[in-house]
Amino acid sequence: MKVASGERRSAPRCVLPLALVLAIPGVAAGQPAAPHLDAVFAEWDREDSPGCAAGALQNGEFVFRGAYGMANLDYGIPLTPDSIFRMASVSKQFTVAAVLVAEDQGLLSLEDPLRKHFPDLPAWADPVRIRHLVHHTSGIRDYLVVMSLRGLGDDAHFTDADVLAALRQLERLNFEPGTEYLYSNSGYWLLAELLPRVSGLTLRQFAAEHLFGPVGMTGSHFHDRHREIVPGRATGYRPRPEAEGGGFEEDMTTLEMVGDGGLYTSVNELRHWERMFLDPAALGPDLLRRLTAPGSFNDGSAQDYAGGLGLGEYRGLATVSHGGSFVGFRTYALRFPEQAFAVFVLCNSASADPGALSRRVADLFLAGEMAPARDPVRAGTDLALPIRPGQFWEAASASFASIERKDEGLVLVRGGGEIALSIVGGELAGFAGDTRLELEPQPEGFVLRQPGQRDFRYVRVEGYPREEAQPALDDMVELAGTYLCRELGVSYEVRFDPRPGLTLVGVNGERPLEPVFEDPEGPSPVYAWDRGTVRFLPDPGEARARGFELSAGRARGFLFVRE
């Protein structure tokens, strides 16, 4: 369905081409023809589906631009390289760039204590520095998780003032600042809130004047007014449940937080950003150096995360990348700095995988410089299992992981996703996008390692599978009751029924609690729910629980006390 430059193909109810592909004159010999690139995006090249706009640049010039699928299904408007997308977390590198410009102007320092600019935050903010926000090492619980636990999800409306009030109500961090990397949208929201406190300008205003204007991105903005009309904006979609007939439904948000996300831009606008990486004259080479410099932990070890940018490797080539995922948008920016090559894939469907699509585009253009595609030996395809399948517990992060054997071999299940495990260079490893994870077998479990992160020590827990961990009915009866979390300002109920067992009933509805293993220090097993873990705490001198600690990924250790 390729359309050559200068040609047009009519689509029903519209006059623009559904699939727009530009093969730029002057592409070096050996680079792919457009049909190969069409095949990468064939799944999205439809008139009844959202899709993706994409571009690849060599030395700052497009060697490929394509748009596949629809920007708006109501009116049959196709995507183009000028379609405006919500960039989600790809926005973070732009937020850091704005903060670095403010530092160059003497308005702040990355070494500033957070409470220098936010004296209204609680004492937990004392050890947090601005650089901890940039590198996700602050330990501040993620505000999106916090608000969700309070009953306010992506489809609810709350304000910046509500977020600040919720952070003020928190009583602790996830961990000591500088000791761990844990992605936190709170940190980047605080960076956005910092700018008006030091400059008098909102992030939107500051970026327009000091960032987007100088680099040429005059059609881009931080979207801090959700009712604002944006010409050319793509609508976000998510798959509609099969029970409701399948297809797609709109997936947008009324939230106006920026910094952690909120950038609105297009494939054609992003070419100016890529040119800045090649010629940083507009912002200065020192700013670019600081933007791409990895953070470090308290012990001096380096992270693999810079200023809103992940530092990695793909098929032997160094990469600088970041993805974005929020409501109906999935985006990815991938750079190969040594090859002066970049790929941007922007999708308006929550079911798209722009990271995988970006790598497939890079495979075609950089094949001659890449190492052979990974073809490792799948672990567990014979009887010699490096780690026996089972359930594992990591106490510091209050999280579970499991090793499961499937037809094709072993998989690691962690954080709701599966990673295929292979024997690579004699080591047990898996790949999450560009990131290689290594598992070191231990007598009691395994150590999970990844670049730029602390070690996660998982210990095998008994009572797996679920039937073997099921507590006695009398014990479950003792756990039933209503519990209050002072930090969140909400009460959750633990309900008991002999058949399903325990159910967590809160502001987000009912969630079954699945017993996983017996906690020797508690009155019951540690339970898993669909967003994390629940660990009941004993009441001194009594058999029943006085409360429980609830963890949900990027927000750990909320104490609920029996009312």
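Because the structure is a prediction, the values reported are computed rather than measured. We number each residue from 1, following the sequence as shown.
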Test salt bridge (Lys or Arg N to Asp or Glu O under 4.0 Å) applied to D112 and R129, step by step: CA-CA 6 Å; D112 284 346; R129 300 292 182 264; over 6 Å; no

Criterion salt bridge (Lys or Arg N to Asp or Glu O under 4.0 Å) on R436 and E438, from CA distance to verdict: CA-CA 7 Å; R436 170 174 163 150; E438 294 183 356; 3.1 Å; yes

Audit row: K92, S89, side-chain hydrogen bond (donor to acceptor under 3.5 Å, both in side chains) steps and yes/no: CA-CA 5 Å; K92 286 181 167 67; S89 288; 2.9 Å; yes

Check against side chain to side chain contact (heavy atoms under 4.5 Å, CB included), T159 and L255: CA-CA 7 Å; T159 66; L255 297 182; over 6 Å; no

From CA spacing to verdict: salt bridge (Lys or Arg N to Asp or Glu O under 4.0 Å), R238, E250: CA-CA 6 Å; R238 64 186 175 192; E250 287 190 12; over 6 Å; no

Criterion side chain to side chain contact (heavy atoms under 4.5 Å, CB included) on S321 and L309, from CA distance to verdict: CA-CA 6 Å; S321 64; L309 294 164; over 6 Å; no

Test log, rule side chain to side chain contact (heavy atoms under 4.5 Å, CB included), inputs V490 and L484: CA-CA 6 Å; V490 295; L484 170 68; over 6 Å; no

Pair F94-H221, ring-ring contact (aromatic ring centres under 6.0 Å, His included): steps then yes or no: CA-CA 10 Å; F94 297 87; H221 72 278; over 10 Å; no

Evaluation steps, side chain to side chain contact (heavy atoms under 4.5 Å, CB included), between Y264 and V230: CA-CA 9 Å; Y264 273 34; V230 181; 4.1 Å; yes

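Under the side chain to side chain donor-acceptor pair (under 3.5 Å) criterion, R290 pairs with E103, D104, D286, not counting sequence neighbours.
The distance from atom CG of L287 to atom CG of L211, rounded to the nearest 0.5 Å, is 8.5 Å. Here the straight-line distance linking atom CG of D251 with atom CZ of F329 works out to 8.5 Å at 0.5 Å rounding. A distance of 12.5 Å separates CG in L114 from CZ in R131, rounded to the nearest 0.5 Å. Of the inter-residue distances, the one linking Y458 atom OH with F400 atom CZ reads 10.5 Å to the nearest 0.5 angstrom. Once rounded to the nearest 0.5 Å, the distance linking CZ of R449 with CD of E427 reads 9.5 Å. Separating the OG atom in S266 from the CE atom in M87 is a distance of 9.5 Å, to the nearest 0.5 Å.
In this structure, T319 and P337 approach most closely via the heavy-atom pair CA-CD, 4.3 Å. The minimum heavy-atom distance between A342 and R335, with the atom names listed, is CB-CG, 4.1 Å. Here the shortest heavy-atom pairing between S325 and A88 reads N-CB, 3.3 Å. Residues P214 and E209 share a closest heavy-atom pair of CD-O, 3.5 Å. Shown here for P177 and N298, the closest heavy-atom pair between the two residues is O-ND2, 3.0 Å. Taking every heavy atom of both residues into account, S148 and V507 meet most closely at O-CG2, 4.2 Å.
Taking the side chain as every heavy atom from C-beta outward, M370 and Y314 approach each other to under 4.5 Å. Looking at P50 and M70, their side chains never come closer than 4.5 Å, going by heavy atoms from C-beta outward. When side chains are defined from C-beta on, F85 counts as touching L79, because their heavy atoms get closer than 4.5 Å. Taking the side chain as every heavy atom from C-beta outward, T533 and W393 approach each other to under 4.5 Å.
Remark: the N268 side chain and the R65 side chain contain an N/O donor-acceptor pair separated by less than 3.5 Å. For the residue pair T235/N72, the side-chain donor-acceptor check at 3.5 Å is satisfied. A donor and an acceptor atom, one from each side chain of S301 and D299, are located under 3.5 Å apart. Side-chain contact, H132 with S138: no donor N or O sits under 3.5 Å from an acceptor N or O.
Checking side-chain atoms of D142 against main-chain N and O of N185 turns up a donor-acceptor pair under 3.5 Å. Put simply, the side chain of Q205 gets close to the backbone of T202: a donor and an acceptor are under 3.5 Å apart. R315 contributes a side-chain N or O that, together with a main-chain N or O of A371, makes up a donor-acceptor pair within less than 3.5 Å. Side-chain N or O atoms of E274 include none that pairs as donor or acceptor with a backbone N or O of G60 at under 3.5 Å. In terms of modelled atom types and a separation under 3.5 Å, the side chain of N174 and the main chain of R554 share a donor-acceptor contact.
For R457, the CZ atom sits in a loose shell: 12 or fewer heavy atoms of surrounding residues, nucleotides or ligands are nearer than 6.0 Å.
Under the 6.0 Å distance and 45° angle rule, R414 counts as a cation-pi partner of F456. In this structure, R141 satisfies the cation-pi test against F558, with its NZ or CZ atom closer than 6.0 Å to the six-membered ring centre and inside 45 degrees of the ring normal.
The aromatic rings of Y305 and Y183 sit perpendicular to each other, their planes meeting at more than 60°, with 30° as the lower class boundary. Ring geometry for F158 versus Y143: interplanar angle over 60°, hence perpendicular rather than tilted (30 to 60°). Using the six-membered ring where Trp is involved, F277 and W273 have ring planes that are perpendicular, over 60° apart on the 30 and 60° scheme.
Proximity of the aromatic rings of F392 and F446 is defined here by a centroid distance below 6.0 angstrom, and this criterion is met. Y181 has its ring centre less than 6.0 Å from the ring centre of H136. In summary, the aromatic rings of Y68 and F41 are positioned with their centroids under 6.0 Å apart. The aromatic ring centroids of Y332 and F344 lie 6.0 Å or more from each other.
R556 pairs with exactly one of E549, E180, E394, E487 by the salt bridge (Lys or Arg N to Asp or Glu O under 4.0 Å) rule, that one being E180.
Using a 4.0 Å cut-off between charged side-chain N and carboxylate O, D120 and R168 make a salt bridge.
Screening residues 255-267 for salt bridge (charged side-chain N to carboxylate O under 4.0 Å, His left out), with sequence neighbours left out, gives no hits.
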Without placing hydrogens or testing angles, list every side-chain donor-acceptor pair under 3.5 Å for residues 189-200, not counting sequence neighbours.
unit_1: W189; atom_1: NE1; unit_2: D160; atom_2: OD1; d: 2.8
unit_1: R197; atom_1: NH1; unit_2: H117; atom_2: O; d: 2.8
unit_1: S199; atom_1: OG; unit_2: L195; atom_2: O; d: 2.7
unit_1: S199; atom_1: OG; unit_2: L201; atom_2: N; d: 3.1
unit_1: S199; atom_1: OG; unit_2: L201; atom_2: O; d: 3.4

